[in-house]
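Heads up, the thing below is written out as structure tokens.
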Number of protein chains: 2
Amino acid sequence: MPVTLVEVAARAGVSPATVSRVLNGNYPVAESTRQRVEEAVRELDYVVNAHARALLHATSGIVGVVLNDASDPFFAGIARGIQGAAAETSRLSVICNSEGDPEQEFAFLDLLRGHRADAVILVGAAPEDEEYRAAAIARAKGLRSSGTRLVLCGRPAPGDDAPGDVVTIDNEGGSIAITRHLVELGHRRIAYVTGPDGRSTTTARLAGFRAALAEAGLAVDENLVVHGDFSRQAGREAVERLLAAGHDFTAVLAANDLVAAGAVSALRAAGRSIPDDVSVAGYDNLPTAVDVWPNLTTVHVPLEEIGRKAVELAFGPGNAQETTVVTVPTELVVRDSTAGPATG
Amino acid sequence: MPVTLVEVAARAGVSPATVSRVLNGNYPVAESTRQRVEEAVRELDYVVNAHARALLHATSGIVGVVLNDASDPFFAGIARGIQGAAAETSRLSVICNSEGDPEQEFAFLDLLRGHRADAVILVGAAPEDEEYRAAAIARAKGLRSSGTRLVLCGRPAPGDDAPGDVVTIDNEGGSIAITRHLVELGHRRIAYVTGPDGRSTTTARLAGFRAALAEAGLAVDENLVVHGDFSRQAGREAVERLLAAGHDFTAVLAANDLVAAGAVSALRAAGRSIPDDVSVAGYDNLPTAVDVWPNLTTVHVPLEEIGRKAVELAFGPGNAQETTVVTVPTELVVRDSTAGPATG
DNA sequence: CTGTTAGCGCCTTCAG
DNA sequence: CTGAAGGCGCTAACAG
């Protein structure tokens with residue numbers, strides 16, 4: 001049904017080859033011919049068929065972004081950076097929500113491979129089990145053999161031999177910084193509401209927490225370490241459980257700002273004032289961190305920059321076999337939700 | 001570079017057609033042959049070329065989503081609904097951020113047309129000027145002539161003759177409801193921080209505000225109507241300006257929850273307590289509405305449902321010339337940020 | 001049940 | 001500078 005190049009050629013009274021040359025502009029065409037063709041294009045409202053073109057070039061101009069959930073501000077921030085950078089190379093970004101389900105993730109990877117994506121950027125923490133790792137490596141190899149570049153974003157490489165560049169976040173460093181901040185304020189009993197178990201991000205942030213406490217000569221009370229996912233609700237429920245169990249703590253460190261926001265509601269509902277009774281700290285410095293009252297102390301993660309970096313790696317010069325690993329730094333942001341513990 | 005169907009055929013010792021039949025499964029093939037083919041596919045790690053396929057079918061299995069900014073929770077919510085519904089019809093969603101720039105929006109529309117998208121869903125308020133309208137209608141016709149379905153989401157149809165189904169939000173109704181709520185609480189001097197000027201959503205919500213006040217026999221003080229965009233910062237700045245100008249008001253109605261969150265910070269910074277000194281109400285019932293303290297009274301907009309509806313319309317039976325318009329209802333959600341004005 | 005043939009829409013030689 | 005021809009990878013007839 002759509003207009004084809006042949007029809008344009010007929011209308012302009014030239015051969016299809018000439019139309020193609022005008023369209024691509026990379027070949028000499030007489031000015032008068034060009035004008036006639038351009039007019040025909042306009043009159044017929046012709047748009048080239050991207051598939052026919054992709055079939056010839058074995059490339060598609062699309063960048064696949066596979067992430068858990070684009071409505072989560074963490075992923076949204078990275079996706080935003082990717083889109084911006086991809087658009088600058090005039091490529092279309094395709095965002096795919098895997099809902100954190102490895103099966104869906106792999107399905108999207110195959111789909112994207114079928115579409116001959118120029119690059120696929122896989123965003124977010126990875127499951128840490130062996131089976132997943134093996135499958136991920138296989139997928140990575142498959143993508144490369146199809147000529148699709150792969151960049152991992154916010155997760156470590158699945159293995160040394162796996163192809164694909166990597167943009168990781170200094171999660172452990174940020175976690176150390178914010179834990180130190182609490183310790184320096186005088187907190188000794190700090191609750192930690194982590195992300196989902198067995199995910200690389202969770203592990204790294206938790207490791208930072210433990211490292212900072214160890215450094216200060218403080219023991220970790222395992223009763224105060226609660227698992228959840230990266231949602232408000234998880235934060236709320238975790239703190240409710242902690243409170244119900246009668247555990248004693250003067251600060252809550254959360255896996256991210258959403259969790260922290262949930263923690264804040266739970267504490268407030270229990271009549272604890274923040275930061276006077278309990279300090280709360282988040283992670284990621286999501287936009288909502290300043291909606292929460294008091295504004296959250298958190299760790300800034302340069303989300304958009306991470307996305308841009310990923311695109312840079314995908315299409316940068318290091319187009320070869322080597323895999324580049326970039327680690328973006330994080331930075332402590334002190335706001336109003338943390339203070340010294342109540343004396344006594 | 002990628003493996004082709006012909007190579008698979010050679011490996012399995014059959015003809016390309018047979019491989020195709022195995023792959024598509026819609027044609028009888030001997031069990032033994034099928035197994036040999038499947039093995040070859042596995043060994044070679046073959047994935048069909050989606051472009052070659054699309055070239056035959058004149059369809060691509062992709063749904064284009066064009067919106068201002070996927071990291072904005074309003075758009076993220078709708079996009080989420082679209083993705084879910086599109087996935088159920090095993091179609092890939094392509095999200096494109098236009099940054100609210102009509103030119104980019106049109107560029108994406110053309111791009112998507114070139115990719116022979118099965119449908120394009122255009123999300124968000126539209127500029128209200130004539131020039132844009134004309135261009136939008138032209139694009140809509142172009143898409144239809146290429147066999148791409150168009151659905152408008154959160155905006156009215158550009159014209160009676162423009163093709164494309166529409167999912168609109170009852171913005172005016174929601175605005176009336178929340179304004180009435182404030183009036184019933186006893187507020188008489190209500191500030192309104194609107195969205196960007198000349199956008200359909202802004203106009204509808206403002207109209208609702210005016211209608212509800214008129215209904216109550218109240219005059220609108222134009223000094224209290226301030227324009228901004230749909231951001232926290234706009235909310236903060238608008239309220240700062242209102243305060244600086246010494247205007248007197250007992251409630252702030254915001255264009256959306258982000259703006260309301262900004263308004264809350266500005267008020268708090270000025271030492272006003274909410275809702276005791278000033279009531280604040282938002283719109284959209286974004287996730288962050290419950291991060292703000294006090295939790296925001298707002299108007300619920302069923303974002304995901306809107307997205308799902310849009311996909312339904314795109315691929316539903318009403319596949320014909322007619323354009324369907326669906327208006328989704330909104331609902332008042334009363335939380336803690338609104339109360340009666342301080343007496344005196 | 002399986003192979004052969006033609007062609008989707010475009011671009012890229014190769015001639016003219 | 002322009003046209004004709006072949007083929008990218010796949011599938012839908014048409015034979016067998």
Side-chain angles (χ1 to χ4, degrees), chain A residues 1-38 40-41 44-61 110-111 113-118 145-148, chain B residues 1-38 40-41 44-61 110-111 113-118 145-148:
Chain A
M1 181 81 35
V3 179
T4 73
L5 182 144
V6 176
E7 298 173 54
V8 175
R11 185 130 169 82
V14 297
S15 75
T18 301
V19 177
S20 169
R21 294 196 260 257
V22 171
L23 257 32
N24 295 297
N26 45 10
Y27 216 83
V29 174
E31 187 51 32
S32 62
T33 321
R34 145 167 289 114
Q35 300 210 343
R36 253 183 314 139
V37 171
E38 279 170 353
V41 166
L44 263 30
D45 194 18
Y46 169 74
V47 176
V48 288
N49 184 326
H51 298 297
R53 185 171 274 177
L55 197 50
L56 276 319
H57 295 338
T59 186
S60 58
D110 288 343
L111 206 52
R113 180 139 88 101
H115 278 270
R116 299 294 181 267
D118 295 350
S145 77
S146 306
T148 294
Chain B
M1 178 87 23
V3 179
T4 71
L5 180 143
V6 176
E7 299 173 54
V8 175
R11 186 131 169 83
V14 297
S15 76
T18 301
V19 176
S20 170
R21 294 196 260 257
V22 172
L23 258 31
N24 294 297
N26 45 11
Y27 217 83
V29 174
E31 189 50 32
S32 62
T33 321
R34 144 168 288 112
Q35 299 211 342
R36 256 186 311 142
V37 171
E38 278 169 353
V41 167
L44 263 29
D45 194 19
Y46 170 75
V47 176
V48 289
N49 184 327
H51 299 297
R53 190 173 268 179
L55 197 50
L56 275 320
H57 294 338
T59 188
S60 57
D110 288 343
L111 207 51
R113 181 138 87 99
H115 278 271
R116 298 295 182 267
D118 294 350
S145 77
S146 306
T148 295

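Order of the sequence lines fixes the chain letters, A, B, ..., with proteins taken first and strands second; residue numbering starts at 1 for each chain. Since this is a predicted model, take the numbers as computed values, not measurements.
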Indicate yes or no for a side-chain donor-acceptor contact from [X] to the backbone of [Y] under 3.5 Å, with no hydrogens or angles considered.
{"X": "Gln35(A)", "Y": "Ser32(A)", "result": "no"}
{"X": "Arg36(A)", "Y": "Ala12(A)", "result": "yes"}
{"X": "Thr148(B)", "Y": "Asp118(B)", "result": "no"}

| said: Going 5' to 3' along DNA chain C, which are the first and last nucleotides with any atom under 4.0 Å from a heavy atom of chain B? | reply: dC1(C) to dG9(C)

| query | If every non-hydrogen atom of Leu23(A) is compared with every non-hydrogen atom of Tyr46(A), which pair is closest and at what distance? | reply |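 Heavy atoms only, the tightest pair is CD2-CE2, 3.5 Å.
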
| task | Please report the shortest heavy-atom distance between Ser60(B) and Ala117(B), naming the atom on each side. | result | OG-CA, 3.5 Å

| task | Ignoring hydrogens and angles, state whether a donor on the side chain of Arg113(B) or Asn49(A) is under 3.5 Å from an acceptor on the partner side chain. | result | no

| Does Ala10(A) have any side-chain contact (heavy atoms from CB on, under 4.5 Å) partners at least two apart in sequence or in another chain, and if so, which? | none

| field | side-chain contact (heavy atoms from CB on, under 4.5 Å) partners of Glu38(B), counting only residues at least two apart | value | Val22(B), Arg34(B), Arg42(B)

| field | Test item: Pro2(A) and Val47(A) side chains (from C-beta on) under 4.5 Å apart, heavy atoms | value | no

| How would nucleotides 8-16 of chain D be written as a contact map, 5' to 3', with B for base contact, S for sugar-phosphate-only contact and - for no contact, using protein heavy atoms under 4.0 Å? | BBBSBB---

| Does Thr33(A) place a side-chain N or O at less than 4.0 Å from the phosphate oxygens OP1/OP2 of dT2(D)? |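 So the side-chain polar atoms of Thr33(A) do come within 4.0 Å of the phosphate oxygens OP1 or OP2 of dT2(D), strictly under.
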
| Under the ring pair (Phe, Tyr, Trp, His ring centres under 6.0 Å) test, residues paired with His115(A) that sit two or more places apart |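 Counting only residues at least two positions away or on another chain, His115(A) forms a ring pair (Phe, Tyr, Trp, His ring centres under 6.0 Å) with His51(B).
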
| field | Estimated bend of the helix from dC1(C)-dG16(D) to dG16(C)-dC1(D) (axis per five terminal pairs, rounded to 10 degrees) | value | 40°

